[in-house]
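Below is one structure, written out as structure tokens, with a few remarks after it.
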Amino acid sequence: MPRAWVVALTALLVLPATARSAETEPFTSPQTTVTLVSEAASIAPGEPFRLGLRQKISPEWHTYWSNPGDAGEPPSLTFDLPAGASAGELQFPAPERIEYGPLVNFGYENEVVFPVTVTPPADLQPGQSFTVRTDAFWLVCKDICIPEETSFTLALPVEPTSRNDGATAPLFAAAEASLPRPSVWQAEAGFEGDQGVLRLSGELLSPDTVASAFFFPAEWGVIENAAPQELRVGQGELSLGLVRAKGELPERLSGVIAVTDAAGSRSAYALEAPLGPVPPTASPANAAGLPLWQAALFAALGGLLLNLMPCVFPILAMKAVGIAALAGRADRTIRLHALSYVAGVVLSFLALAGVLLLLKGAGMAAGWGFQFTSPLFVAAMAWLMLAVGLNLSGVYALGGPVSAGSSLAAKGGHAGSFFTGALAVLVATPCTAPFMAAATGAAFAMPPAATLTVFAALGLGMGAPYALLAFLPRLARLLPRPGLWMERLKQALAFPMYGAAAWLLWVLTVQAGADGLLLALVGALLVAFAAWALGITQAAGRHGAWAGRGAAALAMLAALAVLPQLRAAETPRAVAADAAAAEPWSEARVTELRSQGRPVFVNLTAAWCITCKVNERVALETAATQEAFAAAGVATLVGDWTNGDPAVGALLQRHGREGVPLYLLYPAGSGAPVVLPQILTESIVLQALEPVARTAAQVPTPS
């Protein structure tokens, strides 16, 4: 009995020491609190383990990355280890830009852990103690810089197998997630004079996935740290503009590129780019991957074709007759009238572009950049295509703007020519929505300057025939007279509109399933009824006008009421693309699988989340991870947030997340899930899986 009390008392005395053994006593100053921390509570002979220099930094102070930027010095550790032991290089998490006046430093604020791998000698015996001694130095800065240094001593027990410390393991998981990962893209770089370009190419790069990027050079004096890095993103490519510093250029440009994706997640990649000729910058692309020059060319051709539309041609023909009436007047007068008309067209398109840019700026946070992933937007576009087709087929007419255009076109002077161009754009817009959709589709995937360029090209294309008639007045006599051919052309152009509506409805079936398609068809029926009611009103005259317009208005209101009912359904096709062996996520399925004694891994992702896709490639879809999942019997469920699934959104909110990715590892049976970092590595997943796998082995499988 006394021996039992001695054992119990010894355990009580040892446990607190063991709990503290994975971290040293802190060095404390007004600027920092620094410790040496161990991931392992005990080590095994010859088995590497990780230590970390842990810095808790006071507000407004910062420490430094391996390349401190314009000023500063990185931290260092000098080890004094037992014979036969070795230590690797200090590892640096991806830094942040820290601006101070005209200088830009690269470093850390708040808290950071610098990992380092230590390998003990293989001849250690269980029961011994492995003691690490190290001298640490770091520089901490605010308005002034203060060098700090101290020595740490950490003793770890030796056991036959190592054992991680539950309190410190999350620190190392977070530190590993913040370390730069190997780049998954091909890199090249070059300088000409002071200007240079760093270019990446490969999968996962697109205007829909990359929100911002910044390159941190590994060596001091290669580039100007404070200079802006102009980002250009195309389909499968990214480029950053760099400004050369005064230092000598190396053979290869090495460093870390930090990429923030459209979901707001930041991940970092280590890369080396051979220096050679200046690579081409990425071409801003539209949703179809068109470079700017091609999108502008298509816009100009589309603007040229606008003049064939029946609603525009009468104004163009009337102004052509006006040009012919100016015969005998000075060429300068004729050309100024032409320029006034073209100015009206181009400025009207630029005004439209300005409105679209305002909408884009106001709606990006709500997902405007991914508008075609919204079933509401796709259904509305399908209805618009249908309405345009019905207009071209003659079910109803939009004659008011044309009449207004005629009165302004008849107005004399340059003002009349200018407003004629503006109203030509007005009447062209509803009649030629597919052309406008192509222009806006390109514009929304481009920077503002490129958007304005595309719309200016559209205006120049539309104004080109009138300018040609002005500079060559005799061509006006060759214009065909309005006649039956215009009506036939108008009716034929309706069928591409119906085809576009059909394609959009197919897209909707992928997003919202059969129920969503049914709702969209109901809305299309209401749009068609509204068009028919307007046509009856226009044919009936004054007495039936109010009844027909009222019926059309009620039908359109009913169609608008259908839109909020559209919700994106879970899409098996999108889920299958993410993981071949995965099932769609649901709360019920998680509960069912856990009750069967299986651990569950939940992957919340989205098609436009570049961090999600990189995590899947480098951490989740590797052979080692898949083998570990299979050995532990882990079921994988994928929650697709591409369409903003509200159930997935609710799960994100419960875990304090505003967006994807989110990774949850549920143990078999019951218990809270383990939340993995947003940036994954294979080792993070495997380490998180170890205790869950042990738990799964202990839970009996229901018979």
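Predicted, not measured: the structure shown is a model, and the values here were computed from it. Side chains are part of it too, since the values below use all heavy atoms of this structure and drop only hydrogens, waters and symmetry mates.
A side-chain donor-acceptor contact under 3.5 Å links His62 to the backbone of Cys141. Between the side chain of Asp135 and the backbone N or O of Thr78, no donor-acceptor pair lies under 3.5 Å. Side-chain N or O atoms of Asn67 include one that pairs as donor or acceptor with a backbone N or O of Pro217 at under 3.5 Å. Asp165 places no side-chain N or O within donor-acceptor distance of the main-chain N or O of Ser38, the cut-off being under 3.5 Å. Under a 3.5 Å cut-off, the side chain of Glu23 and the backbone N or O of Thr35 do not form any donor-acceptor pair. Between the Ser178 side chain and the Ala175 main chain, a donor and an acceptor come within less than 3.5 Å of each other. Judged purely by atom type and a 3.5 angstrom limit, Thr32 has no side-chain atom pairing as donor or acceptor with the backbone of Thr28.
For Leu689 against Ala628, the heavy-atom pair with the smallest separation is CD2-CB, 3.4 Å. Between Pro677 and Tyr663, the closest heavy-atom pair is O-CD1, 3.5 Å. Taking both residues in full, the closest heavy atoms of Leu81 and Ser86 are given as CD1-C, 3.6 Å, listed atom of the first, atom of the second, then distance. The two residues Pro120 and Ala85 make their nearest non-hydrogen contact at CA-CB, 4.2 Å. Of all heavy-atom pairs spanning Ala218 and Trp65, the tightest one is CA-CH2, 4.3 Å. The two residues Gly88 and Val116 come nearest to each other via the heavy atoms O-CG2, 3.2 Å.
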| request: Begin from the C-alpha positions of Leu249 and Arg244 and carry the test side chain to side chain contact (heavy atoms under 4.5 Å, CB included) through to its verdict. | output: CA-CA 9 Å; Leu249 287 178; Arg244 180 179 174 180; 3.6 Å; yes
| Run the side chain to side chain contact (heavy atoms under 4.5 Å, CB included) check on Thr150 and Phe152 step by step: do they pass? | CA-CA 7 Å; Thr150 191; Phe152 295 113; 3.4 Å; yes
| Trp138/Tyr64 under ring pair (Phe, Tyr, Trp, His ring centres under 6.0 Å): CA gap, chis, key distance, verdict | CA-CA 8 Å; Trp138 62 95; Tyr64 291 96; over 10 Å; no
| query | So Glu111 and Lys56, salt bridge (charged side-chain N to carboxylate O under 4.0 Å, His left out) or not? Walk me through it. | reply | CA-CA 5 Å; Glu111 183 172 358; Lys56 296 180 181 179; 5.3 Å; no
| query | Could you go step by step and tell me if Asn105 and Asp70 meet the side chain to side chain contact (heavy atoms under 4.5 Å, CB included) rule? | reply | CA-CA 6 Å; Asn105 298 326; Asp70 289 330; 4.1 Å; yes
| task | Go through the steps to decide whether Val675 and Leu665 satisfy the test side chain to side chain contact (heavy atoms under 4.5 Å, CB included), and finish with yes or no. | result | CA-CA 7 Å; Val675 181; Leu665 186 55; over 6 Å; no
| Intermediate values then yes/no, salt bridge (charged side-chain N to carboxylate O under 4.0 Å, His left out), Arg266 and Glu96 | CA-CA 11 Å; Arg266 181 179 187 261; Glu96 299 282 352; 3.5 Å; yes
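Using a 4.5 Å heavy-atom cutoff, the side chains of Phe601 and Leu676 are in contact. Side-chain contact between Ile257 and Leu238: present, with at least one pair of heavy atoms (C-beta onward) separated by less than 4.5 Å. The shortest distance between side-chain heavy atoms of Leu205 and Val210 falls below 4.5 Å. Residues Thr33 and Ile57 are not in side-chain contact: their nearest non-hydrogen atoms beyond the backbone lie 4.5 Å or more apart. In this structure the side chain of Phe214 never reaches within 4.5 angstrom of the side chain of Thr260, judged on heavy atoms. Here the side chains of Phe629 and Val685 are in contact, with some heavy-atom distance below 4.5 Å. Proximity of Leu171 to Arg54: side-chain heavy atoms (C-beta onward) are separated by under 4.5 Å at one or more points. Val590 is listed as a side-chain neighbour of Leu637, based on a closest heavy-atom distance under 4.5 Å.
Applying the ring pair (Phe, Tyr, Trp, His ring centres under 6.0 Å) rule to Tyr666 yields no partners; only residues at least two apart in sequence or on another chain are considered.
When the shell of 6.0 Å around CD of Glu109 is examined, it contains more than 12 heavy atoms from other residues, nucleotides or ligands. Counting heavy-atom neighbours within 6.0 Å of Glu60 CD, excluding the residue itself, gives a total of 12 or less.
The pair Glu99-Arg97 meets the salt-bridge criterion, since a charged nitrogen lies less than 4.0 angstrom from a carboxylate oxygen. A salt bridge does not link Arg232 with Glu237: none of the charged nitrogens is closer than 4.0 Å to a carboxylate oxygen. We find that Glu583 and Arg589 are joined by a salt bridge, their nearest charged nitrogen and carboxylate oxygen being less than 4.0 Å apart. The pair Glu682-Arg181 does not count as a salt bridge, with every side-chain nitrogen at least 4.0 angstrom from each carboxylate oxygen.
In summary, of the residues considered (Phe106, Phe92, Tyr269), a ring-ring contact (aromatic ring centres under 6.0 Å, His included) with Phe216 occurs for Phe106 alone.
Put simply, CG on Leu604 and CG on Asp640 are 10.0 Å apart, with the number rounded to the nearest 0.5 Å. Once rounded to the nearest 0.5 Å, the distance linking OG1 of Thr625 with CG of Leu680 reads 9.0 Å. With rounding to the nearest 0.5 Å, the separation of CD in Gln626 from CG in Leu620 is 8.0 Å. A distance of 9.0 Å separates CG in Asn615 from OG1 in Thr681, rounded to the nearest 0.5 Å. Put simply, CG on Leu664 and CG on Leu662 are 4.0 Å apart, with the number rounded to the nearest 0.5 Å. Annotation: the span from Leu198 atom CG to Phe191 atom CZ amounts to 8.5 Å, rounded to 0.5 Å.
Side chain to side chain, Ser162 and Glu47 meet the donor-acceptor criterion of an N or O pair below 3.5 Å. Gln55 and Thr63 share a side-chain donor-acceptor pair at under 3.5 Å. At a cut-off of 3.5 Å, with distance as the only test, no side-chain donor of Ser58 or Gln31 sits close to an acceptor on the other residue.
Between Phe49 and Phe172, the distance from one ring center to the other does not fall under 6.0 angstrom.
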